[in-house]
Colleague: 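Have a look at the structure that comes next, please.
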2 protein chains.
Amino acid sequence: MPRIVTIRTVAERAGCSIATVSRVINRSAPTSSAVEARVRAAVAELGFRPSEIGRALKTLRTRTLGVVIPSLTNPVFAASVAGMQSAARERQHTLLLTATDYEPGAEAELVETLVAQNVAGLILTVADAAENATLDLLEAEGIPYVLVHNEPTRPGRAAVCVDNAAATFALTGTMIAAGHRRIAYLAGRFATSDRARRRHEGYRAAMAAAGLEPEAPLELDYLGDAPSHAEALAGLFCAGARPTAALCSNDLLALSVVGALRTLGLRVPDDISVAGFDGIALGGAVHPTLATVDTPTRLMGAHAVAMLFTMIEAGAAPRVEHLPFTLRPGGTLAPRV
Amino acid sequence: MPRIVTIRTVAERAGCSIATVSRVINRSAPTSSAVEARVRAAVAELGFRPSEIGRALKTLRTRTLGVVIPSLTNPVFAASVAGMQSAARERQHTLLLTATDYEPGAEAELVETLVAQNVAGLILTVADAAENATLDLLEAEGIPYVLVHNEPTRPGRAAVCVDNAAATFALTGTMIAAGHRRIAYLAGRFATSDRARRRHEGYRAAMAAAGLEPEAPLELDYLGDAPSHAEALAGLFCAGARPTAALCSNDLLALSVVGALRTLGLRVPDDISVAGFDGIALGGAVHPTLATVDTPTRLMGAHAVAMLFTMIEAGAAPRVEHLPFTLRPGGTLAPRV
DNA sequence: CCAGCCCGTGAAATCGTTTTCAGGAACTTA
DNA sequence: TAAGTTCCTGAAAACGATTTCACGGGCTGG
């Protein structure tokens with residue numbers, strides 16, 4: 001029994017045409033105050049709210065933004081979506097949310113779905129922004145989009161992100177300054193994603209700048225069961241000449257690594273220092289607190305929406321916006337004595 | 001430059017009427033294999049995808065589910081939305097996601113927005129399911145909805161939840177069995193929400209059943225800064241005869257409480273045992289691991305979607321589905337020696 | 001061989017809006 | 001008073017799909 005009160009109902013009640021009702025509602029043209037009052041009264045009495053669908057069909061524009069992220073389970077993405085949601089709401093828009101769940105082919109399919117819904121624009125975090133047929137398609141169709149977390153190398157792609165390389169460069173520098181020489185690099189399942197690559201580059205650059213030998217990255221599934229992590233880490237950290245510190249490519253991984261090291265009988269940070277990346281809230285709630293790079297995740301989502309609107313409304317050209325990161329000291333990172 | 005290829009373009013290309021194209025696409029009526037082949041070819045060549053808007057306007061039904069939650073920042077809600085998303089995707093639907101950010105009046109407004117988009121149904125977590133004008137409105141309009149996390153007392157409201165009272169009853173029982181007699185109850189900002197109330201009831205019932213005196217609940221903002229929590233807890237736990245255990249109404253709060261107690265110089269669990277509620281993933285990543293009630297959050301989201309579909313498609317009557325919880329032992333809860 | 005059926009197809013109505021176009025009333029100005 | 005403005009309003013045409021209705025051709029059965 002959906003939607004029985006349409007603009008026609010209102011028009012009858014107010015004794016005018018539907019065109020006039022539309023004009024009153026959207027203030028799209030001047031109306032006499034008498035008519036306007038009658039229309040407003042009718043709207044209120046009937047509880048009328050214009051159908052977004054009817055409106056969208058005519059204008060071919062919806063008040064909806066499409067979102068594609070890998071997963072909501074990762075607090076980083078959850079936080080940025082939260083930022084998008086509140087920024088969108090301020091502008092009377094809603095989010096059509098989809099997640100790939102790390103399924104490779106899903107990106108293209110989800111974008112297609114969203115485009116079929118005539119979203120006003122898209123915000124997405126993709127595996128690789130460089131060679132991405134889906135993004136090419138959006139550009140070909142002229143549908144505005146903004147990337148979040150991705151750092152596109154190719155010009156012409158709009159994005160909101162932090163400078164991942166600079167951030168790991170700085171973080172690695174802090175660890176080196178604390179006296180660490182052998183710093184392991186532990187990567188999550190994102191080893192193939194563009195941002196993970198950039199982070200790794202920053203690590204290598206910092207090591208090289210200090211005249212140190214970068215370690216080969218060790219790839220781990222984050223938030224996989226801790227036992228498996230312990231096993232994977234045993235080889236590296238239970239050897240004679242082991243690293244004194246571990247740089248993890250994200251916070252979830254870092255928290256898991258701290259736990260795994262503990263089960264191996266290694267103390268953090270006494271035996272091994274650990275640092276993460278992202279700055280998720282819970283990093284500050286654990287003990288010892290997690291040393292990490294604090295990235296303004298929620299803000300990134302909000303800025304992405306803002307940027308998308310400048311593109312939609314003002315036709316602004318795509319650009320890359322770098323948001324500032326800060327190093328967050330934490331108990332897991334101690335000077336090497 | 002949106003959407004240049006419509007069903008009409010396809011019809012011309014295939015040399016048939018738009019009605020036939022529609023029939024082929026939806027298999028809504030038999031077509032000759034020759035025509036069908038031509039239409040499919042045209043669809044493929046043109047990359048045609050039917051406009052959800054056009055379709056929705058005619059049928060007055062969208063392939064979209066509206067979601068209203070308090071916040072994405074809480075991993076509990078993020079996880080249940082993740083479950084909804086994947087369940088919806090299996091059924092070729094997408095989520096229109098909104099969050100109230102704990103703003104009191106927002107619920108009604110968001111639901112109105114979603115209804116204006118002609119969502120097929122709604123899934124929501126509200127502050128109070130008992131006396132809720134918004135839900136009454138949905139029922140009056142005949143729009144199907146399912147609550148998640150809420151435990152409606154009034155019959156006729158569909159919901160997927162755990163038995164919060166039974167769960168805290170069990171958890172409190174475990175603590176009592178471990179020898180604790182004075183068990184503090186710490187509540188989050190949800191003190192007013194129906195599920196928080198149910199949890200508190202379970203605690204009180206368990207205490208009463210054991211012939212113990214329930215403590216007055218202490219209300220805290222969760223994930224507020226730890227210092228403020230330490231301050232708030234100091235009075236209770238630095239007294240002479242202090243509780244030996246604290247039951248927290250959710251995991252985020254519990255993690256924060258553990259940290260706050262630590263800053264007060266109290267050891268967990270040696271001096272004070274702590275337990276949470278929800279079973280968020282990170283509870284297992286911290287040390288000591290968090291004792292808690294494990295609730296199938298993601299599953300709840302998925303089940304909510306499933307239930308919603310039975311209501312939409314089969315016209316099933318609203319019902320309350322209780323999902324099982326399990327007590328998850330953890331290092332924060334130790335026997336009192 | 002003819003009547004009757006079934007099957008595939010197209011024309012047209014419809015969904016709820018926005019928007020263009022034209023017309024009528026009121027008012028100003030010569 | 002006539003002509004020219006200005007303003008407000010309504011009729012009607014979109015937008016892109018689904019769906020009803022009717023029709024024509026090829027069957028089948030008597």
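Below, chains carry the letters A, B, ... as their sequence lines are ordered, and counting in each starts from 1.
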Colleague: Is a donor on one side and an acceptor on the other found under 3.5 Å between the side chain of Asn74(B) and the backbone of Val76(B)?
Modeller: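 Judged by distance alone, yes, a pair lies under 3.5 Å.
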Colleague: So Ser22(B), base contact, sugar-phosphate only, or nothing? Heavy-atom distance under 4.0 Å.
Modeller: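 Answer is base: heavy atoms of Ser22(B) come under 4.0 Å of a base.
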Colleague: Measure CD1/Ile53(A) against C1'/dT14(C) and give the value in whole Å, please.
Modeller: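 Distance, rounded to whole Å: 15 Å.
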Colleague: dG10(C) phosphate, OP1 or OP2: any side-chain N/O from Ser17(B) under 4.0 angstrom?
Modeller: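 Yes.
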Colleague: So, are Asp101(A) and Arg89(B) salt-bridged, with charged N and O less than 4.0 Å apart?
Modeller: no
Colleague: If you look at every heavy atom in Ile7(B) and Phe48(B), which pair is closest and at what distance?
Modeller: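 Reported closest heavy-atom pair: N-CE1, 3.5 Å.
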Colleague: Could you state the atom-to-atom distance from CG of Leu60(A) to P of dA13(D) in whole Å?
Modeller: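 Going from CG in Leu60(A) over to P in dA13(D) covers 19 Å.
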Colleague: Hey, which sits more toward the 5' end of DNA chain C by its nearest nucleotide, Gly54(A) or Ser28(A)?
Modeller: Gly54(A)
Colleague: Nearest whole angstrom, please: distance from the P of dG16(D) to the CZ of Arg63(B).
Modeller: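 About 19 Å, once rounded to whole Å.
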Colleague: Could you state the atom-to-atom distance from CZ of Arg8(A) to P of dG10(D) in whole Å?
Modeller: 14 Å
Colleague: Could you tell me the separation between the CZ atom of Arg61(B) and the C1' atom of dT19(D), rounded to a whole number of Å?
Modeller: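 Atom-to-atom, Arg61(B) to dT19(D), this comes out as 16 Å.
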Colleague: Answer with yes or no whether the side chains of Thr94(B) and Gln117(A) bring together a donor and an acceptor at under 3.5 Å.
Modeller: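 Judged by distance alone, the side chains do pair up.
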Colleague: Could you tell me the separation between the CD1 atom of Ile18(B) and the C1' atom of dT14(C), rounded to a whole number of Å?
Modeller: 12 Å
Colleague: Look at Arg55(A) and dG16(C) and indicate whether a side-chain polar atom (N or O) is within less than 4.0 Å of OP1 or OP2.
Modeller: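 No.
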Colleague: Need one value for Leu57(A): base, sugar-phosphate or nothing, where a base atom within 4.0 Å counts as base even if backbone is also close, heavy atoms only.
Modeller: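 Result for Leu57(A) = base.
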Colleague: Using whole Å, what does the distance between atom P of nucleotide dA17(D) and atom CG of Asn26(B) come to?
Modeller: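 Roughly 11 Å, once rounded to whole Å.
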Colleague: Establish, with yes or no, whether the OP1 or OP2 oxygen of dA17(D) is under 4.0 angstrom from a side-chain nitrogen or oxygen of Thr59(B).
Modeller: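 Negative; the distance criterion is not met.
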Colleague: Choose from dA12(D), dG10(C), dG16(C) the nucleotide whose nearest atom is closest to any side-chain atom of Ser51(A).
Modeller: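 Closest nucleotide to the Ser51(A) side chain: dG16(C).
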Colleague: Taking the side chain of Pro50(A) as its heavy atoms from C-beta onward, which of dT19(C), dT17(C), dA12(C) lies nearest to it?
Modeller: dT17(C)
Colleague: Using a cut-off of less than 4.0 Å, is there contact between a side-chain N or O of Ser32(A) and OP1 or OP2 of dT9(D)?
Modeller: yes
Colleague: Strictly distance-based, threshold 3.5 Å: is any side-chain N or O of Thr98(A) a donor or acceptor partner for the main-chain N or O of Val67(A)?
Modeller: yes
Colleague: Between dA17(D), dA12(D), dT17(C), which nucleotide gets closest to the side-chain atoms of Thr6(B)?
Modeller: dA17(D)
Colleague: Could you tell me how far apart Lys58(B) (NZ) and dA17(D) (P) are, to the nearest whole angstrom?
Modeller: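 One finds 14 Å between P of dA17(D) and NZ of Lys58(B), rounded.
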Colleague: Report yes if a side-chain nitrogen or oxygen of Thr20(A) is closer than 4.0 Å to either non-bridging phosphate oxygen (OP1 or OP2) of dT9(D); otherwise report no.
Modeller: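 Answer no for this pair, as no side-chain N or O of Thr20(A) is under 4.0 Å from OP1 or OP2.
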